[in-house]
Amino acid sequence: MNIILLGPPGAGKGTQAQRLVDNRGMRQLSTGDMLRAAVGAGTPIGLKAKAVMDRGELVSDEIVSELIDAELAAMDADSGAIFDGYPRTAAQAGMLDTILASHDRKLHKVIELEVDEDALVDRITGRFTCANCGAGYHDRYKQPETEGVCDVCGSTEFKRRPDDNEETVRTRMQEYRAKTAPILPIYEQRDLVERVDGMASIDEVSEAINGLLR
Ligand code: ADP
Ligand code: ADP
Ligand code: ZN
């Protein structure tokens with residue numbers, strides 16, 4: 001099974017992808033995570049992407065599609081892929097079709113997380129992750145069970161993304177509206193789109209997604 005999780009920044013794509021990884025053994029392919037790793041490692045792609053990401057704009061279609069292609073090439077054929085934050089433009093959607101075909105895969109579903117825009121700034125400015133294992137948390141909606149200690153790995157180091165500030169979030173939301181939302185009709189025509197209420201609790205959203213994948 002290969003699925004796309006689609007939704008604006010802060011919709012809960014990463015949170016739900018992580019649950020699918022834990023519960024179904026699928027693989028999460030997050031272009032945001034791949035780009036942040038490249039920035040951290042100071043690779044040529046990272047050096048190019050950093051300023052664009054800090055502004056909240058989109059990195060080039062070619063760069064992110066190459067990252068996805070490389071990840072799929074390294075994956076074993078039986079593991080399902082969860083595309084998280086990719087595709088984000090009509091051009092990327094076209095490239096994904098080509099890439100999937102070249103790896104003998106097909107797209108099974110596009111799950112759209114529907115959220116109120118007002119909630120997104122709040123979600124994103126409260127977001128933090130474990131610096132060691134990457135587990136996701138929120139200042140109000142998902143605190144670690146023991147304050148200051150990661151539930152998953154016990155680390156006491158956490159981090160926040162430099163682009164998770166209100167100003168950049170506004171740009172990212174505009175980018176989503178202008179470039180990403182318009183790809184939904186492409187998938188609607190192919191009858192692939194399922195909608196989930198992303199304003200429900202994290203557990204409820206997971207249940208709804210599991211229901212769709214049964
Ligand atoms: P995305 O990957 O779509 O940008 P995340 O999964 O990182 O979004 O979620 C953004 C923030 O909102 C995180 O801090 C996460 O813990 C929190 N969050 C995710 N889903 C929900 C939800 N259903 N209700 C409340 N908070 C949520
Ligand atoms: P979020 O889900 O919170 O919007 P991501 O982690 O998916 O954030 O992406 C962070 C940034 O990385 C984006 O604002 C953009 O600059 C870049 N990026 C990630 N995925 C893509 C993509 N598919 N196409 C272009 N740029 C991307
Ligand atoms: Zn951790």
Side-chain angles (χ1 to χ4, degrees), residues 4-19 28-39 45-46 48-68 82-93 95-96 111-116 119-144 148-164 168-176 179-180 183 196-209:
I4 295 173
L5 291 181
L6 202 71
K13 303 178 297 294
T15 302
Q16 296 303 329
Q18 194 51 57
R19 294 207 164 190
Q28 175 185 12
L29 281 78
S30 159
T31 41
D33 287 347
M34 293 172 204
L35 289 167
R36 280 185 289 279
V39 170
I45 285 180
K48 235 188 205 170
K50 184 174 186 321
V52 180
M53 293 171 76
D54 284 344
R55 288 197 301 271
E57 294 167 11
L58 294 185
V59 172
S60 85
D61 296 329
E62 287 72 22
I63 286 181
V64 290
S65 296
E66 271 169 37
L67 290 170
I68 288 285
I82 310 155
F83 297 99
D84 160 11
Y86 178 91
R88 259 174 156 94
T89 63
Q92 291 177 25
M95 290 173 181
L96 177 59
I111 299 177
E112 184 194 5
L113 296 173
E114 288 187 302
V115 283
D116 299 342
L120 298 178
V121 171
D122 189 43
R123 280 203 190 168
I124 287 185
T125 52
R127 165 160 68 183
F128 64 97
T129 54
C130 171
N132 178 50
C133 75
Y137 296 98
H138 192 280
D139 290 328
R140 285 175 302 286
Y141 310 130
K142 191 183 185 299
Q143 288 164 325
V149 183
C150 175
D151 297 344
V152 179
C153 76
S155 165
T156 54
E157 303 273 329
F158 296 88
K159 58 182 185 186
R160 288 176 196 265
R161 283 167 45 179
D163 59 340
D164 277 353
T168 309
V169 170
R170 300 275 173 210
T171 307
R172 285 156 62 197
M173 276 158 47
Q174 278 166 17
E175 290 281 74
Y176 180 82
K179 297 175 185 162
T180 309
I183 70 181
V196 167
D197 176 14
M199 295 307 294
S201 72
I202 294 176
D203 285 342
E204 286 164 340
V205 177
S206 300
E207 261 174 55
I209 292 175

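All ligand and atom numbering here is 1-based and tracks the order in the structure. Numbers for residues simply follow the sequence, beginning at 1.
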Pick from [options]: the one approaching [atom] most closely through a non-hydrogen atom:
atom	options	answer
atom 26 (N) of ligand 1	Phe128, Tyr137, Tyr141	Tyr141
atom 21 (C) of ligand 1	Thr129, Asp139, Asp164, Ile202	Ile202
atom 18 (N) of ligand 2	Leu35, Leu120, Thr31, Leu96	Leu35
atom 5 (P) of ligand 2	Arg88, Arg172, Gln92	Arg88

Just to check, does [X] reach to within less than 4.0 Å of ligand 1 when the distance is taken from its heavy atoms?
X	value
Gly7	no
Ser201	yes
Ala200	yes

Point to revise | Gln16 side-chain N/O to Ile202 backbone N/O, donor-acceptor pair under 3.5 Å | key: yes
**Study point:** Identity and distance of the protein heavy atom lying nearest atom 19 (C) of ligand 1
**Key:**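 Nearest neighbour among protein heavy atoms for atom 19 (C) of ligand 1, to 0.1 Å: Thr15 OG1, 3.5 Å.
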Study note, to complete from the structure: Residue, atom and distance of the protein heavy atom nearest atom 24 (N) of ligand 1 read Arg123 NH2, 3.4 Å
Practice item. Take the Zn ion (ligand 3) as the vertex and measure to SG of Cys150 and SG of Cys153; round to 10°. Key: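 The two atoms form an angle at the metal of about 120°.
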Practice item. Angle at the Zn ion (ligand 3): provide the value between SG of Cys133 and SG of Cys130, rounding to 10 degrees. Key: 110°
Check each atom of ligand 2 against the heavy atoms of [X] and keep those under 4.0 Å away; list them by number with element.
X	result
Gly32	5 (P), 6 (O), 9 (O), 19 (C), 20 (N)
Arg127	3 (O)
Arg36	6 (O), 10 (C)
Lys13	2 (O)

Salt bridge or not for [X] and [Y], using N-O below 4.0 Å?
X	Y	result
Asp164	Arg127	yes
Arg123	Asp139	no
Asp203	Arg19	yes
Asp163	Arg55	no

Can you find an N/O atom of [X] closer than 3.5 Å to an N/O atom of ligand 1?
X	result
Gly136	no
Lys142	no
Pro9	no
Gly14	yes

Review point. Heavy atom under 4.0 Å from ligand 2: found in Glu175's side chain, backbone, both, or neither?
Key: neither
Check your understanding: In ligand 1, which numbered atoms sit nearer than 4.0 Å to a non-hydrogen atom of Ala11?
Key -> 3 (O), 8 (O)
Check your understanding: Which atoms of ligand 1 are found less than 4.0 Å from any heavy atom of Gly198?
Key -> 23 (N)
